[in-house]
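Notes follow the structure.
Both ligands and their constituent atoms are indexed starting at 1 by order of listing.
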Amino acid sequence: MFNDAQQDILDGFEGADRANWNDWRWQVKHCIRDLEQFERLLNVKLPEKLEEEFRKITELFPMSVTPYYLSLINTDNYENDPVFKQSFPGINELVIGSSDMDDPLHEDRDSPVEGVTHRYPDRVLLLVSNRCAMYCRHCTRKRMVGDRDSIPDKAQIMKGIDYIRNTPRVRDVLLSGGDPFLLSDDYIDWILTELHKIKHVEVIRIGTRTPVVLPQRITPELVTMLKKHHPLWINTHFNHPRELTATSRRALAMLADAGIPLGNQSVLLAGVNDCPRIMRSLVHKLVYNRVRPYYLYQCDLSRGLAHFRTPVGKGIEIMENLIGHTSGFCVPTYVIDAPGGGGKIPVMPNYLISWSTNKVVLRNYEGVITTYKEPDSYEPTFCDRNCDNCDLELALDDAEEWRAVGIQKLLADYDKSISLVPEGNARHSRRDDEDQA
Ligand SMILES: *Cc1c(COP(=O)(O)O)cnc(C)c1O
C-alpha cells in the first residue's frame with residue numbers, strides 16, 4: 001500500500017508518519033494549494049512561464065490536491081501525466097470560449113430550493129457539501145469551487161429534505177456536492193437517516209470522488225454506518241486506469257463488501273483518456289474491482305474547460321471500440337448533458353442501417369450486415385390506460401401513475417397528440433387555438 005513516491009512526499013511533511021498518511025483528515029488538512037510546495041514535494045521545477053500563469057489562474061480557480069493523489073504523478077513526464085492534468089492549473093482555463101457558460105446545465109435555475117436540482121420527474125440532486133479534497137481542473141461546478149459563502153448548513157440541507165418530503169414523486173435522491181464524503185460520518189448518517197424516514201424515497205445514491213483522490217476516507221467506521229442505509233448506491237469518478245491503485249482498490253473492495261453497488265462516471269477529457277485503449281483498460285479495471293462503468297460524459301460547456309473538450313466523434317469512436325468488443329457490463333452509456341438543463345442525452349454509433357415493413361437491416365461490431373425478420377402479423381395491445389380491461393397483467397396496487405411526456409407521448413395510444421411543436425412557432429401562431437395540435 002505504500003511506495004517510494006508516497007514515501008518521498010511524506011518525507012516533505014516534517015514529523016509526519018505513515019499513520020498520518022493513512023488518516024483522511026491529515027490528507028485533507030495537508031492538501032497542496034501553492035506552487036512552491038507542489039514543486040518541492042514532487043521535486044520538479046516547472047517552467048517560469050507556468051509559475052507566472054499559476055498565480056493568475058488560481059485567483060479564479062484555486063488549486064487543491066491531496067498528498068495521496070499528488071503521489072500518483074509521474075514526475076518524469078508530468079506534462080503528459082493524466083493525474084497532473086486533472087489536478088494542476090493550466091493557462092487554458094483562462095481561455096473562455098464563445099459557447100462557455102457559468103452554469104451550462106442550469107442546475108441553479110432548475111432549483112426549487114437552494115441545493116436541490118429537480119430536473120427529472122422521479123429523482124433529485126441534493127448538494128450536501130461544497131467541499132472537495134481535490135479540485136478537479138475539469139469540474140463542471142467550477143463556478144462554486146472555493147466559494148465559502150455557499151457552504152450548506154444543517155438548516156439548508158433540511159430545507160432540501162423538506163422539499164423531497166413534500167414531493168411524493170421523488171423516489172431516488174442523489175447526494176452530491178462538492179464531495180459528500182468530506183462530511184463527518186455522523187453528519188452523513190444524519191442526512192441518510194432523515195432521507196430514509198421519507199416513505200417515497202426508495203433509493204439513495206452518493207456521488208463521491210474520494211475512492212480516487214482520497215481513498216483513506218473509506219474507513220471501516222464509514223462503511224459500517226453506510227451499511228445501515230440500504231438500498232444505497234455509490235457512484236465514483238475514475239478517469240484513467242492509473243488511478244486504480246492498491247489503496248483505491250482496497251477502498252472499493254470495502255464498499256463492495258458492504259453490499260453497495262458501485263458505478264463509475266468518467267468524463268471524456270482531451271489528453272487524459274481520449275483513447276480507446278485507455279478507456280478499455282479503465283473499464284476492465286473497474287469491473288475487475290466490482291465497479292460498473294455507468295456513464296461516460298462528453299465534457300460540458302462550463303467556463304474554462306475548452307482545452308479538455310473533444311469532438312463528440314471521439315466519444316462515439318470509443319463506444320465503437322467497446323460495444324461488442326468487450327463484456328456488455330464493461331460498457332458505459334456515453335451521454336451529452338444538454339446545455340440549458342435538458343438532461344443527459346445518450347449517443348451511440350448507429351447499428352440500425354435500414355428497414356422495411358417486415359425487416360430491419362443491422363450491422364454488428366464486426367461490420368457484418370445482417371437482417372432481422374419482424375413478425376408478419378402482430379396484434380398490438382391498444383392501450384387506453386384502462387388497465388382493468390386489459391389482457392396483460394399489471395398489478396397496479398403499487399405502481400404509480402405518470403403522465404406521458406415527450407416522444408413517449410407521441411407513441412402512446414391513449415394520448416391524441418400528433419406532434420410536438422416548439423413554443424412560439426410562427427406558422428402555428430397564425431392559426432386558431434383549435435388547430436394547435
Ligand atoms: C445526472 C443527474 C441525475 C441522475 O440521472 P440518472 O440518469 O438517473 O443517473 C439527476 N438529476 C440531475 C440534475 C442530474 O444531473
Side-chain angles (χ1 to χ4, degrees), residues 101-130 132 136 138-145 150 152 156-157 159-161 163-180 191-192 195 198 200-209 211 231-239 260-268 283 286 291-302 305 315 319 329 331-348 400 402 405-408:
M101 291 173 263
D102 222 22
D103 176 21
L105 311 180
H106 283 195
E107 291 187 324
D108 298 340
R109 276 210 246 165
D110 284 344
S111 175
V113 298
E114 212 183 335
V116 173
T117 301
H118 192 174
R119 166 158 311 147
Y120 301 103
D122 67 342
R123 53 210 189 277
V124 297
L125 187 67
L126 179 63
L127 304 184
V128 292
S129 152
N130 83 334
C132 278
C136 305
H138 55 276
C139 181
T140 182
R141 302 202 184 106
K142 252 181 156 161
R143 65 186 186 280
M144 304 185 191
V145 173
S150 66
Q156 191 195 308
I157 293 176
K159 275 191 206 152
I161 294 176
Y163 173 80
I164 294 165
R165 194 188 331 278
N166 296 323
T167 316
R169 288 173 58 135
V170 176
R171 41 162 290 285
D172 173 10
V173 179
L174 279 83
L175 304 183
S176 184
D179 200 312
I191 296 171
L192 294 174
L195 285 171
I198 304 171
H200 53 265
V201 172
E202 294 172 7
V203 57
I204 299 172
R205 295 191 249 176
I206 298 177
T208 175
R209 209 180 179 199
L232 179 71
W233 294 55
I234 288 181
N235 266 330
T236 184
H237 176 35
F238 286 90
N239 284 329
I260 302 171
L262 301 173
N264 186 67
Q265 319 200 122
S266 298
V267 184
L268 183 54
V283 297
L286 286 168
V291 183
R292 168 82 155 90
Y294 181 48
Y295 282 137
L296 170 63
Y297 287 95
Q298 173 67 10
C299 185
D300 65 41
L301 296 172
S302 292
L305 304 187
M319 296 307 288
F329 70 158
V331 182
T333 305
Y334 175 43
V335 292
I336 303 179
D337 214 332
K344 300 173 184 74
I345 299 173
V347 271
M348 274 233 273
E400 222 193 293
W402 71 91
V405 294
I407 309 297
Q408 177 191 42

Polar side-chain atom of [X] near backbone of [Y] as donor-acceptor pair, under 3.5 Å:
X	Y	result
N264	F238	yes
S129	D179	yes
S111	V116	yes

ring-ring contact (aromatic ring centres under 6.0 Å, His included) partners of Y163, counting only residues at least two apart: H118
Residues that H200 engages under side-chain hydrogen bond (donor to acceptor under 3.5 Å, both in side chains), provided they are two or more places apart: none
Those residues that, when tested against K159, pass side chain to side chain contact (heavy atoms under 4.5 Å, CB included) (two or more places apart): none
Filter the ligand 1-protein atom pairs down to N or O on both sides and distance under 3.5 Å, then list them.
from, atom 1, to, atom 2, distance (Å)
ligand 1, 5 (O), K344, NZ, 3.3
ligand 1, 7 (O), Y295, OH, 2.5
ligand 1, 8 (O), R123, NE, 2.6
ligand 1, 8 (O), R205, NH2, 2.8
ligand 1, 9 (O), R205, NH1, 2.8
ligand 1, 9 (O), Y294, OH, 2.6
ligand 1, 15 (O), K344, NZ, 3.2

